[in-house]
Amino acid sequence: MEALVHNLNTMHSRAGAQIPFSSINYGTDTSPEGRMVIKNILLAEEAGLGNGETPIFPIHIFKVKEGVNYNTEDPNYDLFKLACRVSAKRLFPNFSFLDAPFNLQYYKEGDHNTEVAYMGCRTRVMGNAYDPSREVTAGRGNLSFTSINLPRLAIKAHGNLDIFFEDLDRKIDLVIDQLYDRFKLQCQKKVRNFPFLMGQGVWLDSDKLSPDDSVEEVLKHGTLTLGFIGLAECLKCLIGKHHGESAEAQNLGLEIVGYMRSRVDQETKKSGLNFSLIATPAEGLSGRFVKIDRKKYGVIPGVTDREYYTNSFHIPVYFPISAFDKIRLEAPYHHLTNGGHISYVEMDGDPTQNLAAFEQVIRCMKESGIGYGSINHPVDRDPVCGYTGIIGDECPNCHRTEADGPVFERIRRITGYLVGTLDRFNNAKRAEVEDRVKHGVTMETL
């Protein structure tokens, strides 16, 4: 397991120069061998790389399931506790919740292929309208997704909801047409054009094809996905408040996202293809869209006055709210976004010193119906002595300062991925990280 973690952080085989983006889902195998693998992959992540460096990949995702690892009497409960401990130190694993109704409907005890798996920062592929008998995790993926700029539609509507939904309808039509056109282009490819995915039989049924066969039937198991960005700014523009500020805004937010989901469901029924709705990660779009809109419509308070639009349905990172309230307000959107979703909570201080509070947040996510979630917290490291924890101006271990040598690594999560510096990211994402407030965690009985 240590070799796996080390290899996935050193193989620069993606585009010839990058580490492959990799994710692993685990936590539900109760066999002695499976438990051994889960325990040791977690311990390898906890130990880190050379001199205690936090691994960037793979993204670890611990699958939480009652009867398997959630309660004290469950066979893998000890591994759930270990996962919380490791995540409190390394930011991974994230947590997926198989008991969320939209995940549980596919679950068949003893069949790992019916346990919903998430990719990286949120992507989820499970339902299969093309072949309902094969609603499985393995051998499938997301083919394309295109995102709608919700704040732009709200600005143009000038508070008129009828105009807003009419414009939203037109944008959804456009995205569906674009996704379908791109799908037809992809279907023109042959197996030999995808030597790993198809040639190695990774995709469902691709092992039955010859090198010069079309991949069209195989691709139909994948998803075509509509995304969205900036629900908070959209609501602020339409009614003056976002969904963290008022119940009216929350209801309207659910109506907007619910409408988009109903449209992709209708298209799925009509076409027989797997159209889905995703809560867009928005790494580049968050800054690009707001820059375009500010230039065209000016600075609008609460809408275009920052360097970024808020990620998907998230409550704005700068809005003060408790961890538990944030979770409960975002949870209903997970049910609607069947193409993928995630919710984050920002914890202050060193969570390894308060594992009970850390676990309480994870349990609140599970009980609230969250599908996929994680906790953000500071992870600093002194590259000289290897100390990992929270570092101010001076390393608590060797007492050196940055003036004495290499700068301290400050690991932060950006759109689902870990980085040791913000220098490589665009202004929008750097501004978003700087604006993040900590969400209070007061122990409570769920």
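Both backbone and side-chain heavy atoms feed into the values below; hydrogens, waters and symmetry mates do not. Count residues from 1 along the sequence.
Listed here is the closest heavy atom pair of His334 and Ser343: NE2-OG, 2.8 Å. Closest heavy-atom contact between Ala331 and Ile370: CA-CD1, 3.7 Å. Shown here for Val264 and Phe275, the closest heavy-atom pair between the two residues is O-CB, 3.6 Å. Listed here is the closest heavy atom pair of Cys84 and Leu355: O-CD2, 4.2 Å. Of all non-hydrogen atoms in Leu277 and Val257, the two that sit nearest each other are CD2-O, 3.6 Å. Considering every non-hydrogen atom in both Glu409 and Glu53, the closest pair reads OE1-CG, 4.0 Å.
Glu233 has no carboxylate O lying under 4.0 Å from a charged side-chain N of Lys236, or vice versa, which leaves the two without a salt bridge. With respect to Lys291 and Glu307, no salt bridge is recorded, no charged nitrogen being found less than 4.0 Å from a carboxylate O. Ion pairing of Glu115 with Lys63 is present here, as a side-chain N (NZ or NE/NH1/NH2) and a carboxylate O approach within less than 4.0 Å. Glu359 has a carboxylate O that lies under 4.0 Å from a charged side-chain N of Lys81, or vice versa, which qualifies the two as a salt bridge. Residues Arg170 and Asp167 are paired through a salt bridge, judged by an N-O separation under 4.0 Å between the basic side chain and the carboxylate.
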Show the numbers, then the answer: is there a side chain to side chain contact (heavy atoms under 4.5 Å, CB included) between Met347 and Phe358? CA-CA 8 Å; Met347 282 186 75; Phe358 187 97; 4.0 Å; yes
Given ring-ring contact (aromatic ring centres under 6.0 Å, His included), test His314 with Tyr333 step by step and report yes or no. CA-CA 9 Å; His314 290 176; Tyr333 296 96; 9.7 Å; no
Using side chain to side chain contact (heavy atoms under 4.5 Å, CB included), reason through Tyr309 and Asp293 one step at a time and then give a plain yes or no. CA-CA 10 Å; Tyr309 281 148; Asp293 291 347; 2.8 Å; yes
Kindly determine whether Ile229 and Ser286 satisfy side chain to side chain contact (heavy atoms under 4.5 Å, CB included), including the steps that lead there. CA-CA 7 Å; Ile229 183 175; Ser286 61; 4.1 Å; yes
Tell me, with the steps shown, if Glu245 and Ile321 meet side chain to side chain contact (heavy atoms under 4.5 Å, CB included). CA-CA 9 Å; Glu245 296 176 305; Ile321 188 172; over 6 Å; no
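By the neighbour-count criterion of 12 heavy atoms within 6.0 Å, atom CD of Glu248 is sparsely surrounded, having that number or fewer from other residues, nucleotides or ligands. The number of heavy-atom neighbours closer than 6.0 Å to NE2 of His377, taken from other residues, nucleotides and ligands shown, is above 12. More than 12 non-hydrogen atoms from other residues, nucleotides or ligands lie less than 6.0 angstrom from NZ of Lys438. In this structure, Tyr297 places its OH atom where more than 12 heavy-atom neighbours from other residues, nucleotides or ligands lie under 6.0 Å away. Counting heavy-atom neighbours within 6.0 Å of Glu109 CD, excluding the residue itself, gives a total of 12 or less. Counting non-hydrogen atoms of neighbouring residues, nucleotides and ligands closer than 6.0 angstrom, the CZ atom of Arg288 reaches no more than 12 such neighbours.
A parallel orientation is assigned to the rings of Phe97 and Phe95, their planes being inclined by less than 30° (bins at 30° and 60°). Taking the six-membered ring where tryptophan is involved, the planes of Tyr318 and Tyr308 are tilted, since the angle between them lies from 30° to 60°.
Exactly one of Lys39, Arg85, Arg35 qualifies for a salt bridge (Lys or Arg N to Asp or Glu O under 4.0 Å) with Asp78. That residue is Arg35. Checking each of Asp393, Ile391, Asp382, Val407 against Glu402 for a side-chain contact (heavy atoms from CB on, under 4.5 Å) leaves exactly one that passes, namely Val407.
Remark: Gln250 CD to Lys241 NZ distance equals 14.0 Å, nearest 0.5 Å. Within the model, atoms OG1 of Thr28 and CG of Asn76 stand 8.0 Å from one another, a figure rounded to the nearest 0.5 Å. Once rounded to the nearest 0.5 Å, the distance linking CG of Leu224 with OG of Ser271 reads 8.0 Å. Atom CG in Leu231 sits 10.0 Å away from atom CD1 in Ile315 (nearest 0.5 Å). With rounding to the nearest 0.5 Å, the separation of CG in Leu91 from NE2 in His60 is 11.5 Å. Separation of atoms CZ (Phe228) and CG (Leu150) is listed at 7.0 Å; rounding is to 0.5 Å.
Annotation: cation-pi geometry satisfied between Arg363 and Tyr70 (NZ/CZ under 6.0 angstrom from ring centroid, within 45° of ring axis). The cationic group of Lys189 does not satisfy the cation-pi geometry with Phe194, failing either the under 6.0 Å distance to the six-membered ring centre or the 45° limit from the ring axis. Under the 6.0 Å distance and 45° angle rule, Arg124 does not count as a cation-pi partner of Tyr372.
Here the side chain of Asp74 pairs a donor or acceptor atom with the backbone of Gly67 at under 3.5 angstrom. A donor-acceptor distance shorter than 3.5 angstrom exists from the side chain of Asp350 to the backbone of Thr352, with no hydrogens or angles considered. Formation of a donor-acceptor pair under 3.5 Å by the Asp305 side chain with backbone atoms of Gly302 is found in this model. Put simply, the side chain of Thr114 gets close to the backbone of Lys108: a donor and an acceptor are under 3.5 Å apart. Side chain of His439 to main chain of Glu346: a donor-acceptor pair is present (N/O by atom type, distance under 3.5 Å, no hydrogens or angles). Proximity of a side-chain donor or acceptor of Arg381 to a complementary backbone N or O of Thr388 within less than 3.5 Å is not detected. Formation of a donor-acceptor pair under 3.5 Å by the Asn9 side chain with backbone atoms of Phe57 is found in this model. A donor-acceptor pair under 3.5 Å is formed between the side chain of Asn311 and the backbone N or O of Pro281.
Under the rule for a side chain to side chain contact (heavy atoms under 4.5 Å, CB included), the partners of Asn128 that lie at least two apart in sequence or sit in another chain are Tyr130, Asp131, Arg134, Glu135, Arg140, His221, Asn274.
You'll find the side chain of Leu168 reaches within 4.5 Å of the side chain of Met260, heavy atoms only. In this structure, Tyr26 and Leu79 have side chains that are not in contact, with every pair of non-hydrogen atoms separated by 4.5 Å or more. Taking 4.5 Å as the limit, every side-chain heavy atom of Pro151 sits out of range of all side-chain heavy atoms of Val290. At a threshold of 4.5 Å between non-hydrogen side-chain atoms, the residues Ile163 and His158 do not count as touching. Residues Arg263 and Ile176 meet the side-chain proximity criterion, which asks for heavy atoms closer than 4.5 Å. Using a 4.5 Å heavy-atom cutoff, the side chains of Met119 and Phe21 are not in contact. At least one side-chain heavy atom of Glu46 sits under 4.5 Å from a side-chain heavy atom of Leu43. Between Val218 and Leu197 the shortest side-chain heavy-atom distance does not fall below 4.5 Å.
Using a 3.5 Å distance cut-off with no hydrogens or angles, the side chains of Asn94 and Tyr118 do not pair a donor with an acceptor. Using modelled atom types, one finds no donor on one side chain facing an acceptor on the other under 3.5 Å when comparing Ser312 with His341. With hydrogens and angles left out, the side-chain atoms of Tyr107 and Asp99 include no donor and acceptor closer than 3.5 Å. Between the side chains of Thr225 and Asn142, at least one donor-acceptor pair of N or O atoms lies under 3.5 Å.
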